[in-house]
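Proteins get letters first, then strands, A, B, ... in listed order; numbering begins at 1 in each. Remember, predicted model here, so these are calculated numbers, not experimental data.
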Amino acid sequence: MRTHQCGELRVDQIGQTVTLAGWVATRREHGSSLAFVDVRDHTGVTQCVVDNTVDVRAEYVVRVTGTVAARPAENVNDKLPTGGVEIQDCVVEVLNVAEAPPFPISERTDTVAEGTRLQYRFLDIRRERMQRNLRVRAAVNSAIRTAMEDQGFVEVETPMLVPSTPEGAREFIVPSRQQPGSFYALPQSPQLFKQLLMVAGIDRYYQLARCLRDEDLRADRQYEFMQLDAEMSFVDQDDVHTAIGNAVIAAARAAGHETGEIVKITWHEAMDKYGIDKPDLRFGMELTELTDVFSATEFKAFAGASCIKGINATGKAEEFGRNKLDGLTDTAKRLGAKGLVWMKVAADGTLESPVAKFLTESELAALAERLAASPGDLLLIVADEWITTCEALGQLRNDLGRPPVFEGPYRYLWVVDFPMFVGVDDVTGRPKPGHHPFTQPHPDDVDRLETDPMSVRSQAYDLVLNGWELGSGSIRIHQPELQARIFELLGISAEEQQRKFGFFLNPFRYGAPPHGGFAFGIDRLVAILAGEENIREVIAFPKTQSGADPMTNAPTPVADKQLNELGIRVLPRVD
RNA sequence: GGUCCCGUGGUGAAGUGGAGUUCACGCCGGCCUGUCAAGCCGGAGGUCGCGGGUUCGAACCCCGUCGGGACCGCCA
C-alpha cells in the first residue's frame with residue numbers, strides 16, 4: 001500500500017519512486033496547474049507537488065505515488081524534518097473523502113474546548129500532541145512490563161467481577177442476572193487477590209491492572225485508571241523499593257528522561273521540611289525552624305506556639321500586594337492555621353511588616369539570618385501546632401514555588417515511615433488506619449500499639465514524582481495474632497472480621513509468607529513524563545468531570561426488558 | 001454535598017443595558033506557477049446553551065436549569 005511513512009523521506013531518497021498514504025493536512029493552490037498538498041500520518045508531513053485539478057481537501061485520505069526530489073535551495077523548509085525534499089510527478093489516489101472537520105487537526109489551535117475534543121476524540125487523536133502522548137504511554141507500559149519480568153515478576157490477571165467490600169472507595173456495582181438482588185463490584189484495585197497470590201506461592205506478581213472507583217473526577221482522577229500492581233514474598237521494604245524503582249526509572253527512560261537515584265525520606269521529615277507528604281523536590285523554599293528564635297518573645301501570636309516555621313519566597317515581595325497577601329492568609333487559615341505573618345525585605349535589609357513593631361531587634365535579626373533574607377524577598381511565618389504549621393506553609397510553598405509539570409528534572413522520591421493511624425473515627429472513637437488494616441507496623445513500634453497507638457509508624461510508603469503521589473504500598477501483616485491485635489484496636493469484632501474479610505483472612509491460616517507490595521498509577525506517571533497537567537491528555541477516551549463520555553454518550557438509560565431480567569426497578573430521582 | 005470560573009456562526013475570541021453582534025481562522029466560489037499558517041477577490045453561515053424574571057429596551061442585570069472546567073469534601 002505504501003513504501004514510506006510521511007515523516008520519513010530525506011535527501012538520501014532523492015530520485016526514488018515512492019508511495020505515501022495518509023491524510024491531507026493542507027493544500028496551497030498556485031494557479032491552474034500547481035498546488036502543494038501536505039500529506040500527514042503519525043510520523044509527520046511530506047509536501048507533494050500536484051496538478052491543481054486534483055480535487056483533494058483537508059482530511060481526505062489519499063495515496064500518492066511520485067518521485068522524491070530535492071527542493072530548490074531557496075524553498076527548503078527548515079521547520080520540517082522532511083523540508084529538504086518534495087514528491088514530484090504525483091499520481092494522487094483518493095482512498096476516501098472527508099467532511100470538513102469541526103476543528104483544525106493542528107497544534108496551532110490548542111485552544112479548542114475539551115468537550116468538543118472529546119466528542120470528536122477520533123479527530124483529536126490525529127493531532128501530534130495526542131499521538132505523542134499515547135505513544136509515550138505505550139512505551140512506558142512496555143518498559144514497565146520488561147522491567148518487571150526481568151526481575152522475575154509473573155503477570156497474573158485477576159477478576160473484574162468481584163465481591164463488594166464495604167471499606168475504602170465507593171464501588172461500581174454490577175447486578176447479577178442469575179441471582180437477582182445480588183451484585184458484583186468492579187475492583188477498586190486487585191489488593192485482596194494479589195495477597196492471596198502470595199499465599200499461593202506465586203512469589204512475585206505483577207499486573208497492569210484496570211481499577212475502578214466511583215468517586216468524583218479531578219484533573220488527576222478518572223473513574224477508570226491503570227495501575228502497575230505488584231506483590232512480593234519474602235521481602236522487606238527496601239526490596240520492594242528496589243523492584244518498583246527499577247520499573248519507574250525504566251519508564252522515565254522510555255519517555256526520554258533520566259531520573260538519577262531515587263531519594264528516600266521519612267514522612268516526618270517530609271512534613272517537617274516541605275509541609276506535605278508528597279513534596280516536589282524540584283525547588284527549595286524549605287520550611288525553616290524558627291521556634292527557638294522566638295522562645296522569649298513578647299509577641300502574643302508567637303508566644304504560646306509550640307512550633308514556629310517560616311519560608312522565604314525569594315524575590316516575591318514586589319509581586320505581592322495587599323490583596324494577594326490576604327489570599328495567602330486565607331490559604332493558611334483554610335488549613336487550620338490561626339494566621340499568617342508576612343514580612344517584606346526592604347532595599348536596606350529591614351523587615352517591613354504590620355507585626356514588626358511587636359518584635360525585638362534581635363528577634364528580627366535572627367529571623368532574617370535564619371531565612372537568609374535578601375532585599376526583595378517575601379517571608380511567610382506560621383506559628384501553631386507542628387502539623388498545622390507544616391501543612392499551612394507546605395501549601396504556601398507549593399503555591400508560590402512549584403514549577404509547571406513540563407519543567408524537569410524528574411525527581412522520584414520514596415516517603416517512608418507513615419504513621420500507622422491518622423486521627424480518630426468520629427463514631428467509634430477508634431484510631432483510623434492510615435493505609436489499610438493489613439499494614440505491618442514498624443517493628444520498633446509494635447510494643448506501643450495499645451499504649452500509644454498514634455505514635456506507631458507503619459511499614460507503608462508512597463512513591464512521589466515532582467509533587468504528584470504516584471502510588472503507595474506496604475509490608476503486609478501475615479501473622480494472624482498481629483492482625484487480631486490491629487482489628488481489636490480498630491474495634492472490629494471477630495464476627496465483623498469474618499463477615500467483611502473472611503474470604504481474605506481465612507487463607508492466611510494455611511501458611512502465608514511474609515510479603516509486601518506496591519501499586520502506582522500509570523496515568524499520572526505518563527502525564528508527568530509527557531509534560532501534561534491533566535491525565536485526560538494521556539487517556540485515549542477519558543470521561544468528563546460528570547463521568548460522561550461526549551463521544552459515546554455513556555452513561556445511558558437501558559431498556560425495561562434488561563432491567564426486568566436483572567430484577568431492578570429505577571426509582572424517581574429524589575433531591 | 002459545596003465554592004469559584006466559562007458557555008456568542010464550524011473553531012477561537014471581542015462585545016458588560018440602547019444603531020444591523022464584531023474580528024480572526026475554517027467553509028463555499030473565483031483568481032493565482034514555488035508555497036509551506038501561501039496570497040488576493042467575493043459569498044454563505046447565529047435560537048448569543050436553555051427557561052423564567054426585571055426594564056420602554058437584555059448577549060449584557062436577577063433567578064433557575066443544562067453542559068464544560070478548577071478546587072474543597074470524597075479517593076482506607
Next on the checklist: From the set B/C27, B/A37, B/C31, return the single nucleotide nearest to any side-chain atom of A/Glu29.
Outcome noted: B/C31
Next on the checklist: Check whether A/Phe283 forms a cation-pi arrangement with A/Arg397 (NZ or CZ under 6.0 Å from the six-membered ring centre, at most 45° off the ring normal).
Outcome noted: yes
Next on the checklist: What's A/Glu86 touching, base or sugar-phosphate or nothing? Going by heavy atoms closer than 4.0 Å.
Outcome noted: base
Item to check | 4.5 Å side-chain heavy-atom contact, A/Ile105 and A/Glu59 | outcome: yes
Checklist entry - When we call it a touch if two heavy atoms are under 4.0 Å apart, what does A/Pro101 touch: a base, just sugar-phosphate, or nothing? => result nothing
Distance-only check: which donor-acceptor pairs under 3.5 Å involve side-chain atoms of residues 498-507 of chain A, not counting sequence neighbours?
residue: A/Gln498; atom: OE1; partner: A/Asn506; partner atom: ND2; Å: 3.3
residue: A/Gln498; atom: NE2; partner: A/Asn506; partner atom: OD1; Å: 3.0
residue: A/Arg499; atom: NE; partner: A/Glu495; partner atom: OE2; Å: 3.2
residue: A/Lys500; atom: NZ; partner: A/Glu167; partner atom: OE2; Å: 3.0
residue: A/Lys500; atom: NZ; partner: A/Glu496; partner atom: OE2; Å: 2.8
residue: A/Asn506; atom: OD1; partner: A/Arg509; partner atom: NH1; Å: 3.0
residue: A/Asn506; atom: ND2; partner: A/Gly502; partner atom: O; Å: 3.2

Next on the checklist: Given B/C72, B/G69, B/C32, identify the nucleotide with an atom nearest to the side chain of A/Glu114.
Outcome noted: B/G69
Item to check | Pairwise C1' distance, B/G34 and B/U16 [rounded to whole Å] | outcome: 49 Å
Item to check | Minimum-distance nucleotide to A/Asn534 side chain [options: B/C75, B/A70, B/A37] | outcome: B/A70
Checklist entry - Who is the Watson-Crick or G-U wobble partner of B/U3, with both distances under 3.5 Å? => result B/A70
Checklist entry - Who does B/G51 pair with, Watson-Crick or G-U, both distances under 3.5 Å? => result B/C63
Item to check | For B/G39, the Watson-Crick or wobble counterpart (both distances under 3.5 Å) | outcome: B/C31
Checklist entry - How far, in whole Å, is B/C6 from B/C41 if one measures between their P atoms? => result 37 Å
Checklist entry - Is A/Arg57 near enough to B/G29 that one of its side-chain N or O atoms lies under 4.0 angstrom from OP1 or OP2? => result yes
Checklist outcome for this item: A/Phe193 meets the ring-ring contact (aromatic ring centres under 6.0 Å, His included) criterion, sequence neighbours left out, with none
Item to check | Separation of atom CZ in A/Arg218 from atom P in B/C71, rounded to whole Å | outcome: 6 Å
Checklist entry - Separation of A/Arg28 atom CZ from B/A38 atom P, in whole Å? => result 6 Å
Checklist outcome for this item: A/Glu215 has its side chain closest, among B/C36, B/C75, B/C27, to B/C75
Item to check | Separation of atom NZ in A/Lys333 from atom P in B/U3, rounded to whole Å | outcome: 21 Å
Checklist entry - Over how many whole Å does the gap from A/Asn52 atom CG to B/G34 atom P extend? => result 12 Å
Checklist entry - If you pin A/Gln188 and A/Arg27 to their nearest nucleotides in RNA chain B, which one's is more 5'? => result A/Arg27
Checklist outcome for this item: The single option from A/Asp523, A/Ile528, A/Val464 that satisfies side-chain contact (heavy atoms from CB on, under 4.5 Å) with A/Leu470 is A/Ile528
Item to check | Presence of donor-acceptor pair under 3.5 Å, side chain of A/Glu99 and base of B/G10 | outcome: no
Next on the checklist: According to a cutoff of under 5.5 Å between the ring centres and under 30° between the ring planes, does A/Phe103 stack with the base of B/U11?
Outcome noted: no
Checklist entry - Where the side chain of A/Asp216 is defined as all heavy atoms beyond and including C-beta, which of B/G73, B/U11, B/C36 is the nearest nucleotide? => result B/G73
Next on the checklist: Between the base of B/C75 and the side chain of A/Arg221, is there a donor and acceptor pair under 3.5 angstrom?
Outcome noted: yes
Checklist entry - With rounding to whole Å, what would you report as the distance between B/C60 and B/U54 at their C1' atoms? => result 13 Å
Item to check | Nearest-Å distance for atom pair CG/P, residues A/Asp110 and B/A37 | outcome: 17 Å
Checklist entry - With sequence neighbours excluded, what pairs up with A/Pro187 under the side-chain contact (heavy atoms from CB on, under 4.5 Å) test? => result A/Met160, A/Val162, A/Leu212
Checklist outcome for this item: Judged by nearest nucleotide, the residue sitting upstream toward the 5' end of RNA chain B, A/Val76 or A/Ala113, is A/Ala113
Next on the checklist: I'd like to check the side-chain contact (heavy atoms from CB on, under 4.5 Å) partners of A/Phe122; sequence neighbours left out, ordered by chain and number.
Outcome noted: A/Tyr120, A/Met551
Item to check | Flag for A/Arg28-A/Gln47: side-chain donor and acceptor within less than 3.5 Å | outcome: yes
Item to check | Interatomic distance at C1', B/U33 relative to B/U21, whole Å | outcome: 41 Å
Next on the checklist: Please report the distance, rounded to the nearest Å, between CD in A/Gln222 and P in B/G68.
Outcome noted: 12 Å
Item to check | Sugar-phosphate, base or nothing in reach of A/Lys79, heavy atoms under 4.0 Å | outcome: sugar-phosphate
Item to check | base_contact_polar (B/C36 base, A/Arg71 side chain, donor-acceptor, <3.5 Å) | outcome: yes
Item to check | Residues A/Asp549 and A/Lys543 bridged, charged N to O under 4.0 Å | outcome: no
Checklist entry - How is A/Gly83 classified with respect to the nucleic acid when contacts are heavy atoms under 4.0 Å: base, sugar-phosphate, or nothing? => result nothing
Next on the checklist: Please list, in numerical order, the residues of residues 535-556 of chain A that have a heavy atom closer than 4.0 Å to any atom of RNA chain B.
Outcome noted: A/Arg536, A/Thr544, A/Gln545, A/Ser546
Checklist entry - Whole-Å distance between B/C36 P and A/Glu74 CD? => result 13 Å
Checklist entry - Using the P atom in both, what is the distance from B/G64 to B/G2, to the nearest Å? => result 12 Å
Item to check | Separation of the P atoms in B/A58 and B/G49, to the nearest angstrom | outcome: 15 Å
Next on the checklist: I need the CG-C1' distance between A/Leu335 and B/C71, as an integer number of Å.
Outcome noted: 13 Å
Checklist entry - Using purine N1 to pyrimidine N3 plus N6-O4 or O6-N4 for Watson-Crick, or N1-O2 and O6-N3 for G-U wobble, both under 3.5 Å, which nucleotide pairs with B/U16? => result none
Item to check | Inter-nucleotide C1' distance (B/G1, B/C56), Å rounded | outcome: 43 Å
Checklist entry - A/Thr111 side chain N/O closer than 4.0 Å to the phosphate oxygens (OP1, OP2) of B/A13? => result no
Next on the checklist: Regarding A/Gln195 and A/Gln191, do their side chains bring together a donor and an acceptor under 3.5 Å, going by distance alone?
Outcome noted: yes
Item to check | Test ring-ring contact (aromatic ring centres under 6.0 Å, His included) applied to A/His478 - qualifying residues, sequence neighbours left out | outcome: none
Next on the checklist: Does A/Ala35 reach a base, just sugar-phosphate, or nothing at all? Heavy atoms under 4.0 Å.
Outcome noted: nothing
Checklist entry - If you measure from the C1' atom in B/A44 to the same atom in B/A37, how many Å do you get, rounded? => result 23 Å
